[in-house]
Each structure stands twice: as C-alpha cells, then as structure tokens.
Asker: 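Got a structure for you, written out below as structure tokens; questions coming shortly.
Indexing begins at 1, ligand by ligand and atom by atom, following the structure's order. Computed from a prediction, not measured in an experiment: that's the story for all the values here.
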Amino acid sequence: MKATLTVLGSGTSMGVPTIGCDCEVCTSADPHDRRTRPSIMVQWDEHTVLIDTTPDFREQAIREHIRRIDAILYTHGHADHILGLDDVRPLSFPRVTGGAKIPLYASENTTRVLHNVFRYIFDADYKYGGLAQVELQPLNGPVELFGATFTPLPVLHGDAVIEAFRFGSAAYLTDFSTVPETSMEQLQGLDILFLDALRHHPHPTHSTVANSLKIVERLKPKRTFFTHISHDLPHEVTNAALPDNVRLSYDGLRLEFEL
Ligand SMILES: [Zn+2]
Ligand SMILES: [Zn+2]
Ligand SMILES: [Zn+2]
C-alpha cells in the first residue's frame with residue numbers, strides 16, 4: 001500500500017545549530033542546515049507511526065501538524081531519541097485516542113532506560129490525570145500495525161546492539177557504526193534507505209559519509225538519504241559531492257513509498 005515517510009529531524013544528538021557554535025553550518029542561512037534531533041514519521045491510510053521521540057518532538061509535531069499517533073517504535077534509549085516522550089501527552093489523551101494507550105515498542109535494553117527515565121509515567125500513582133497515556137510493548141520480532149509490518153534489524157552502535165527498522169520498501173538505520181551481515185541480507189531490494197552519516201571524520205559509534213556510501217554500493221537501493229548529520233556537513237556542498245541517488249535528508253522531507 002502507498003505510504004508517506006516524513007523526516008521529523010535529521011540532526012545529530014546536539015542538533016544543528018549547536019549551542020555556542022559559530023561555524024559556517026551553524027550560522028548558515030540555508031534552512032536545510034537547521035537540523036532537529038533524528039526521528040521519522042510513517043503514515044498510511046489514517047495511521048501514523050513514529051520512530052523515536054526526540055527532545056525536539058514538540059516543535060516537530062507542530063511543524064508537521066501531527067494530529068494522532070498510533071504507535072511509537074524505539075531504536076534505542078539514548079537521550080536524543082527518547083526525551084520527547086512526555087510531549088506526546090496531548091496526542092495520548094482519550095479524546096484523541098478513543099481511550100487506548102499509545103503503544104511504545106522497545107527492546108529490553110531500551111525498555112529499561114525508558115522505565116528509569118520516565119518512572120513518573122510508568123510507576124505513577126497520580127490521581128490528577130495529565131500523564132502521557134502510553135504503554136510499553138516488547139520489541140522482539142516484527143511488529144504488525146494496521147496491515148503494515150515493521151521488522152527490527154540489529155545494528156551495532158559502537159558496542160551496543162540497537163534496532164534499525166525495515167518496513168515495506170523502506171528502511172531506517174540511525175545510530176550505527178556497523179551493520180551485521182544478517183541485517184544486510186534483509187536490506188535487499190529497497191526503494192528508500194536511510195543511513196546514519198554523522199560526518200567525514202571517523203567516530204567510534206557512528207557511520208561516516210564514506211562508510212555509508214560503501215553500504216549503498218553493496219545494497220543498491222533506488223534512493224538513499226543520510227541522517228543524524230552533524231554541523232560538519234553543509235547541505236548544499238555535501239550534496240554536490242554525493243552520487244545522484246544519495247542525498248542528505250533534511251527536516252520536513254517527505255517521500256512516497258510502497259509499504
Ligand atoms: Zn542519536
Ligand atoms: Zn557548528
Ligand atoms: Zn545513539
């Protein structure tokens with residue numbers, strides 16, 4: 001079925017511009033160089049699924065006129081991927097959801113982090129209402145949501161194993177330094193591939209432009225978009241040096257694909 005993928009945020013953990021930085025990208029007038037923290041939204045029929053809830057979720061939701069969330073899938077428990085969870089509150093109240101809690105699909109490790117960080121939500125004994133109406137669900141295999149399948153694929157983020165996701169003809173791989181062979185095998189025949197590409201200079205827990213281009217050469221997706229981008233990569237200059245079917249993503253980018 002036809003679906004839309006919207007980039008809510010394309011930036012690295014500190015966002016671009018970075019607080020206190022006067023570099024060329026942080027002071028750029030090009031709106032593509034303004035990058036909120038990394039997350040995407042997938043929509044089909046009347047359904048909306050998020051991957052991660054960043055500290056910028058409120059701003060992203062207002063910008064993209066998000067009216068409803070049916071589920072949230074988490075890649076891992078780092079602050080730049082989870083800290084916006086509290087801001088789903090207005091979309092989690094019964095008048096919006098019809099009474100169902102928003103399911104949060106998370107691995108065991110991520111569940112532990114979410115539970116610790118948001119203890120006031122999950123262990124609440126609070127009779128005045130107003131808390132996010134969400135519930136943790138295990139992520140230990142493909143998740144079926146309204147006729148679509150989201151398959152978690154393990155990737156290495158430094159030493160940590162975190163989740164990437166394949167859904168229909170698209171896949172989203174943020175925060176990885178290595179993609180294991182077993183996951184590479186499940187990334188064949190893609191129309192749209194999102195890959196972490198932090199910067200040119202090597203990083204212990206993130207992919208670089210050169211490393212992600214090697215993955216593109218092997219997998220040969222129709223189109224590739226880089227994400228989790230730092231202030232080292234100016235949008236226009238970087239794009240000019242990339243192959244035609246590879247582009248830096250940017251906040252607000254919308255793509256149609258087959259789910
Ligand atoms: Zn991150
Ligand atoms: Zn900067
Ligand atoms: Zn991370």
Side-chain angles (χ1 to χ4, degrees), residues 7-41 50-57 59-60 72-85 87 104-118 139 152-165 171-180 183 193-209 211-212 215 225-238 248-251 253:
V7 175
L8 296 181
S10 57
T12 187
S13 58
M14 288 188 280
V16 181
T18 304
I19 295 172
C21 186
D22 297 318
C23 79
E24 170 201 352
V25 177
C26 288
T27 57
S28 162
D30 181 351
H32 298 106
D33 284 323
R34 287 191 69 86
R35 301 172 181 134
T36 60
R37 265 62 71 85
S39 172
I40 60 165
M41 169 170 74
L50 304 184
I51 300 186
D52 294 333
T53 49
T54 84
D56 298 311
F57 173 69
E59 184 189 330
Q60 296 166 343
I72 301 169
L73 303 168
Y74 282 98
T75 58
H76 65 308
H78 283 168
D80 53 325
H81 297 261
I82 66 166
L83 284 188
L85 174 58
D87 282 328
L104 314 175
Y105 292 92
S107 71
E108 248 175 81
N109 285 336
T110 307
T111 295
R112 204 172 306 122
V113 177
L114 287 170
H115 192 262
N116 285 338
V117 173
F118 296 100
L139 177 65
L153 301 172
V155 292
L156 282 168
H157 185 21
D159 293 336
V161 178
I162 73 152
E163 316 309 322
F165 290 97
Y172 182 71
L173 285 70
T174 187
D175 293 64
F176 70 87
S177 38
T178 309
V179 182
S183 295
L193 173 60
F194 274 77
L195 293 175
D196 180 355
L198 182 72
R199 61 190 192 193
H200 292 299
H201 188 65
H203 187 281
T205 65
H206 286 279
S207 188
T208 57
V209 170
N211 186 57
S212 285
I215 295 171
F225 295 91
F226 289 163
T227 190
H228 215 291
I229 308 161
S230 80
H231 61 168
D232 285 3
L233 303 180
H235 185 79
E236 222 179 276
V237 174
T238 309
L248 295 190
S249 71
Y250 55 87
D251 290 27
L253 171 67

Asker: Do the rings of H76 and H157 sit parallel, tilted or perpendicular, given the 30° and 60° boundaries?
Answerer: perpendicular

Asker: Give every protein N, O or S atom lying under 2.8 Å from the Zn ion (ligand 1), naming each by residue and atom.
Answerer: D80 OD2, H81 NE2, D175 OD2, H228 NE2

Asker: Checking T54 against D80 for the side-chain hydrogen bond (donor to acceptor under 3.5 Å, both in side chains) test, could you report, in this order, the C-alpha distance in whole Å, the side-chain angles of both residues, the deciding distance, and whether it holds?
Answerer: CA-CA 5 Å; T54 84; D80 53 325; over 6 Å; no

Asker: Taking C-beta and beyond as the side chain, do L85 and Y74 meet within less than 4.5 Å on heavy atoms?
Answerer: yes

Asker: Enter the distance from T53:OG1 to F118:CZ here, rounded to the nearest 0.5 Å.
Answerer: 6.5 Å

Asker: So, of the N/O/S atoms that H157 has, which is the nearest one to the Zn ion (ligand 3)?
Answerer: NE2

Asker: What residue among I51, I40, L50 forms side-chain contact (heavy atoms from CB on, under 4.5 Å) with L8?
Answerer: L50

Asker: Could you tell me if the side chain of P17 sits less than 4.5 Å from the side chain of R34, heavy atoms only?
Answerer: yes

Asker: Report the residue from T174, D251, T227, T36 that forms a side chain to side chain donor-acceptor pair (under 3.5 Å) with S10.
Answerer: D251

Asker: Got D30 and Y250 here, is their nearest side-chain heavy-atom distance under 4.5 Å?
Answerer: no

Asker: Report the relative orientation of the aromatic rings in H235 and H32; use parallel for angles under 30°, tilted for 30 to 60°, perpendicular for over 60°.
Answerer: parallel

Asker: Using 2.8 Å as the cut-off, note every protein N, O or S atom close to the Zn ion (ligand 2).
Answerer: C21 SG, C23 SG, C26 SG, H231 ND1

Asker: Sort out for me which residue in N116, N109, T110 forms a side chain to side chain donor-acceptor pair (under 3.5 Å) with R112.
Answerer: N109

